[in-house]
There are 2 protein chains.
Amino acid sequence: MSQEGVGVDVDTSVGLLLKQASSALRSAMDAALRPLGMSVTHYACLEQLAQRPGLSNSELARATFVSRQSMNVLLQSLEHDGYVTRPSEAPVGKVLPARLTAAGRRELATATVAVRAVERRMLSNLTDQEETAARRILWSLIASLGRSTETP
Amino acid sequence: MSQEGVGVDVDTSVGLLLKQASSALRSAMDAALRPLGMSVTHYACLEQLAQRPGLSNSELARATFVSRQSMNVLLQSLEHDGYVTRPSEAPVGKVLPARLTAAGRRELATATVAVRAVERRMLSNLTDQEETAARRILWSLIASLGRSTETP
DNA sequence: CACTGTATGTCAGAATACTGACATGAGTCA
DNA sequence: TGACTCATGTCAGTATTCTGACATACAGTG
């Protein structure tokens with residue numbers, strides 16, 4: 001039909017579908033987080049920090065798929081708002097390990113409720129089997145893309 | 001393990017996985033498109049226009065998950081570069097139907113080669129069965145999220 | 001016909017993320 | 001020891017996208 005030699009079929013391209021799904025998710029999370037005065041990236045940062053305390057700026061940036069610089073300004077605002085602490089002096093080298101404050105943990109807990117609701121809505125039409133398949137497939141996609149992306 | 005009452009498990013959250021996959025895809029496509037002097041959004045716009053000629057600015061924006069305003073500036077630059085044409089007068093109402101020029105179609109064809117390569121690499125570790133499952137699952141996610149997102 | 005509601009295109013300002021660039025510290029190797 | 005390489009944190013400028021706002025055009029309703 002639409003495969004007239006030019007373009008990728010919009011309805012069957014996994015890439016386009018992935019982009020649309022991600023955009024939809026981002027919109028939904030954004031809407032859910034906005035009432036809390038929080039952005040998706042803020043949430044992602046807090047999330048990572050909760051599960052892996054002591055991550056550095058660069059490690060955090062890689063984990064959330066943004067640049068070091070963006071994460072840096074984000075961490076500064078998070079620090080200013082009292083959600084995150086970083087030592088003023090680097091324990092070793094220049095690496096500043098970041099940690100959640102109690103306030104940060106509290107913010108995260110509130111945000112998690114909203115995020116979980118979105119995720120639950122997103123998965124509402126999937127069986128457990130499909131959900132498992134989704135995880136495996138997404139992992140596979142990430143792995144395949146990551147191969148030659150992070151090592152140019 | 002990491003479900004200590006706060007946060008969503010990074011390794012099992014379909015939402016996080018989806019975001020990571022999408023970021024990885026975006027990076028890969030960006031890298032593939034950069035040599036052609038093209039951004040991912042440019043490509044997406046051209047793609048939609050190729051398959052559904054005569055789409056308006058707003059329709060295009062919805063199809064590519066960006067705001068009308070962003071799509072407007074994008075269309076203006078695309079128009080300036082000679083890839084897209086829009087009538088100076090609206091045939092009906094204020095809606096300006098956009099169409100690809102020959103140059104636009106040519107650009108798209110070139111870009112498609114690069115994009116298809118990325119998509120192929122992304123899907124390289126998936127069986128046909130999994131690929132089909134991926135489409136169905138992503139569709140389901142989009143549908144579930146779309147329900148109450150576009151009608152707040 | 002007039003009025004309301006919805007949708008569109010567009011302008012302007014703000015927020016966000018990115019690339020480029022620099023200095024600093026750690027590790028490696030001759 | 002000294003030079004070299006690599007990773008990090010940070011500053012600055014640029015680019016892209018978003019939200020807010022306005023005027024306009026069509027459809028429905030009294």
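This is a predicted model, so every value here is computed, not measured. Letters A, B, ... are given to chains in the order of the sequence lines, protein chains preceding strands, and every chain is numbered from 1.
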Separation of atom CG in Leu75(B) from atom P in dG9(C), rounded to whole Å: 9 Å

Side-chain N or O of Ser67(B) closer than 4.0 Å to phosphate OP1/OP2 of dC18(D): yes

Earlier contact from the 5' end, DNA chain D, for Val95(A) and Asp30(A): Val95(A)

Under 4.0 angstrom between Thr41(A) side-chain N/O and dT16(C) OP1 or OP2: no

Distance-only polar pair, side chains of Asn125(B) and Ser140(A), donor-acceptor under 3.5 Å: no

Gln69(B) (side chain) and dG20(D) (base): donor-acceptor pair under 3.5 Å: yes

Distance below 4.0 Å between Arg62(B) side-chain N/O and dT8(C) OP1 or OP2: yes

Length of the NZ-P vector between Lys94(A) and dC6(D), whole Å: 17 Å

Phosphate OP1/OP2 of dT10(D) contacted by Arg86(A) side-chain N/O (<4.0 Å): yes

Nearest-Å distance for atom pair CG/P, residues Asn72(A) and dT10(D): 5 Å

Polar contact flag, side-chain donor to acceptor under 3.5 angstrom, Ser13(B)-Glu119(A): yes

Ser39(A) vs dA15(C): side-chain N/O to OP1/OP2 distance below 4.0 Å: no

Touch class at under 4.0 angstrom, heavy-atom based, for Leu96(A) against every strand present: sugar-phosphate

Polar pair under 3.5 Å, donor/acceptor by atom type, side chain Gln76(A), base dG9(D): no

N or O in side chain of Arg68(A) less than 4.0 angstrom from dA7(D) OP1/OP2: no

Side chain of Val66(B) - closest among dC18(D), dA12(D), dC11(C): dC18(D)

Option from His42(A), Met38(A), Glu47(A) for which side-chain contact (heavy atoms from CB on, under 4.5 Å) with Leu108(A) holds: Glu47(A)

Thr101(A) side chain vs Gly82(A) backbone, donor-acceptor pair below 3.5 Å: yes

Phosphate OP1/OP2 of dT16(C): any Ser70(A) side-chain N/O under 4.0 Å: no

Pairs meeting criterion side chain to side chain donor-acceptor pair (under 3.5 Å) with involvement of residues 73-83 of chain A, two or more places apart: Glu79(A)-Arg86(A)

